[in-house]
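The structure appears right after this line, and notes come after that.
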2 protein chains.
Amino acid sequence: MAANVLVVEDEPAILELIAVNLEQAGFHVLRATDAESALRLIGEALPDLMLIDWMLPALSGIELVRRLRREERTRALPLILLTARGAEVDKVLGLEAGADDYVTKPFSPRELVARLRAVLRRRRPEVGEEVLEAGGLRLDPAARRVLVQGRVVALGPTEFRLLHFFMTHPERVHSRPQLLDRVWGDHVFVEERTVDVHVRRLRAALEPHGLSGLIQTVRGAGYRFSVQMAQDA
Amino acid sequence: MAANVLVVEDEPAILELIAVNLEQAGFHVLRATDAESALRLIGEALPDLMLIDWMLPALSGIELVRRLRREERTRALPLILLTARGAEVDKVLGLEAGADDYVTKPFSPRELVARLRAVLRRRRPEVGEEVLEAGGLRLDPAARRVLVQGRVVALGPTEFRLLHFFMTHPERVHSRPQLLDRVWGDHVFVEERTVDVHVRRLRAALEPHGLSGLIQTVRGAGYRFSVQMAQDA
DNA sequence: CGAAATGGTGACGGTTTCGTGACAATTCAT
DNA sequence: ATGAATTGTCACGAAACCGTCACCATTTCG
């Protein structure tokens, strides 16, 4: 989720101001003070989004936008332009050049972050939204809902994510550390036994619907979601 | 591609100036010097876009905009307002009344043409104007009205838009940022919790009509409009 | 057989999230 | 201009959720 944002702004003070705000919002910020160094940075690795000042030395912001749009590799790169207040015309020209959005200076940090997120969200074509079916279960990620024979299974957020992971990685054993990594996130630190508790809660939620044995304990190894082995004593 | 543009401007010299510029840019220009003759022209044939001066004799430009937005036939008609320089309030009022954009006088021909093209490009799609029915609700976008069993449901503007969005995207969870994005608009910045309040108001408005459970909260994720499963704990 | 290891289970605070009522600011119609 | 309606924000409390622990059952292995 930590998106890389490349900020191109020639005024060092403003650049830092923006960078600090974005980093506080959880973004990873790359800095550039002119278009050329920005292009150089892009050459190494594509960021997830670019924030470009309208006024830049040498190659102007809008020129940079146009150039990025011409290149195949950077064509789909989300771009946001920073324009000075009152430059109404610039907005139109900027959007025509191919920017995804613009922010007028001065701006509030909240507004900037909101715009950023909006653009990032819009560009992503929602991956992993297919409905999953296995072992009589029907999990719909978009609706965030689990059904078994038309009946809704009541699940908490963590249980839902856990089941989601199990269903996307069935028929194999996952250790507790692995589950913590994939379901809780690699930055979270919780006890391994917490997994046990949530597995139990998930089992308890499935039981009333006649489903049991789907999640199996592999002693000394971890847990496994299995449709095949679901019916044994 | 030669779009018909109806220009409403009471000052003959300015009207001609605009007309000449637009025609040079390839538009077909219709002229009117007051709101009434403009309405008469529209009665015969709808233009593709209207350029309306703020100050008009008798019926003012903003009144004309409001009136056009009320009529079903002209609701989707792209409108651009011409305002005097520095009249910041006018801009807000104009956009609120339903104009798609505004241009401040004096303006450069190039700017005017750019705005016109921009507005035409993102012309309102006629889709999403058909009557929606779901879960005992009947929503008419054109009439901006919601019925349940013939009875009118009293909704504020925001609640209406919220319900409209829900009904056009049912059976899936929408996060608060997503809802702010789609219902409030990209360029509005309000607290996320504001969504909660409006969801509550919407629920409160539906309840007296025997409808409950249609809008479900999904803890940690957002809200969901669901017709099926509307009756569970 | 007994000790150690492993996992199931129930319960308990702490935290997060959401519903709700109130409020001030603003807009709109009269 | 006055009053009604709408909107965004906040504070408070209820409820849901989470992580942890203690305790017990079962398995493993000396």
Side-chain angles (χ1 to χ4, degrees), chain A residues 108 110-111 114 144 152-163 173-177 179-180 183-185 187-207 212-224 233, chain B residues 60 62-63 65-67 69-70 88-98 144 152-163 173-177 179-180 183-185 187-207 212-224 232-233:
Chain A
S108 74
R110 204 174 63 175
E111 171 181 353
R144 233 185 184 72
V152 174
V153 181
L155 292 179
T158 307
E159 287 135 50
F160 184 87
R161 288 201 312 273
L162 183 58
L163 179 60
V173 179
H174 307 284
S175 71
R176 273 161 260 257
L179 287 171
L180 284 178
V183 178
W184 273 256
H187 51 88
V188 186
F189 174 73
V190 292
E191 292 291 328
E192 282 192 12
R193 292 300 306 276
T194 302
V195 175
D196 298 31
V197 179
H198 279 275
V199 166
R200 179 193 161 274
R201 285 171 180 160
L202 184 50
R203 283 171 172 164
L206 295 178
E207 192 109 11
S212 62
L214 275 177
I215 302 166
Q216 298 141 20
T217 306
V218 182
R219 193 174 180 89
Y223 295 96
R224 170 180 53 206
Chain B
S60 81
I62 196 157
E63 279 300 326
V65 169
R66 260 198 267 269
R67 194 140 142 189
R69 283 292 177 254
R70 266 202 295 270
E88 287 288 336
V89 198
D90 295 359
K91 299 178 182 176
V92 179
L93 285 176
L95 293 179
E96 294 253 326
R144 205 175 185 79
V152 175
V153 181
L155 291 179
T158 306
E159 287 132 51
F160 183 88
R161 289 201 311 275
L162 183 58
L163 179 60
V173 175
H174 307 284
S175 71
R176 273 161 256 259
L179 287 172
L180 285 178
V183 177
W184 274 256
H187 291 210
V188 181
F189 300 97
V190 294
E191 293 291 328
E192 283 191 10
R193 291 299 306 276
T194 301
V195 175
D196 298 31
V197 179
H198 280 274
V199 164
R200 178 188 163 278
R201 285 169 180 161
L202 183 50
R203 282 170 172 164
L206 295 178
E207 191 117 8
S212 63
L214 274 178
I215 302 167
Q216 299 146 17
T217 102
V218 181
R219 186 164 258 262
Y223 294 96
R224 169 180 54 209
D232 53 17

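A, B, ... follow the sequence lines: proteins, then strands. Residue 1 opens every chain. FYI, side chains are in, hydrogens and waters are out, and symmetry mates aren't considered; it's all heavy atoms of this structure.
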Taking only residues two or more places apart in sequence or in another chain, which ones pass side chain to side chain contact (heavy atoms under 4.5 Å, CB included) with [X]?
| X | answer |
| --- | --- |
| A:R161 | A:P157, A:T158, A:V183 |
| B:R219 | none |
| A:V197 | A:R201 |

For the pair made of [atom1] in [X] and [atom2] in [N], what is the distance, rounded to whole Å?
| X | N | atom1 | atom2 | result |
| --- | --- | --- | --- | --- |
| B:L180 | D:dT7 | CG | P | 14 Å |
| B:R176 | C:dG19 | CZ | P | 7 Å |
| B:L162 | D:dT6 | CG | P | 15 Å |
| B:L202 | C:dT20 | CG | C1' | 16 Å |
| B:F160 | D:dT7 | CZ | P | 13 Å |
| B:D196 | D:dT7 | CG | P | 16 Å |

With a 4.0 Å cutoff (strictly under), does any side-chain N or O of A:R203 reach OP1 or OP2 of C:dT9?
no
Has B:Y223 got a side-chain N or O lying under 4.0 Å from the OP1 or OP2 atom of C:dT17?
no
If a protein heavy atom is under 4.0 Å from the base, mark B; if only from the sugar-phosphate, S; if neither, -; do that for nucleotides 14-23 of chain D going 5' to 3'.
-BBSBBBB--
Comparing A:G222 with B:A221, nearest DNA chain C nucleotide closer to 5' gives the residue A:G222
Passing candidate, side-chain contact (heavy atoms from CB on, under 4.5 Å) with B:L162, options B:I215, B:L155, B:L202
B:L202
What side-chain donor-acceptor pairs closer than 3.5 Å can you find for residues 188-196 of chain B, not counting sequence neighbours?
unit_1 : atom_1 : unit_2 : atom_2 : d
B:E191 : OE2    : A:R110 : NH1    : 2.3
B:R193 : NE     : B:D196 : OD2    : 3.0
B:T194 : OG1    : B:E191 : O      : 3.1
B:D196 : OD1    : B:R176 : NH1    : 2.5
B:D196 : OD2    : B:R176 : NH1    : 3.0

Which residues satisfy the side chain to side chain donor-acceptor pair (under 3.5 Å) test with A:R203, sequence neighbours excluded?
A:T217
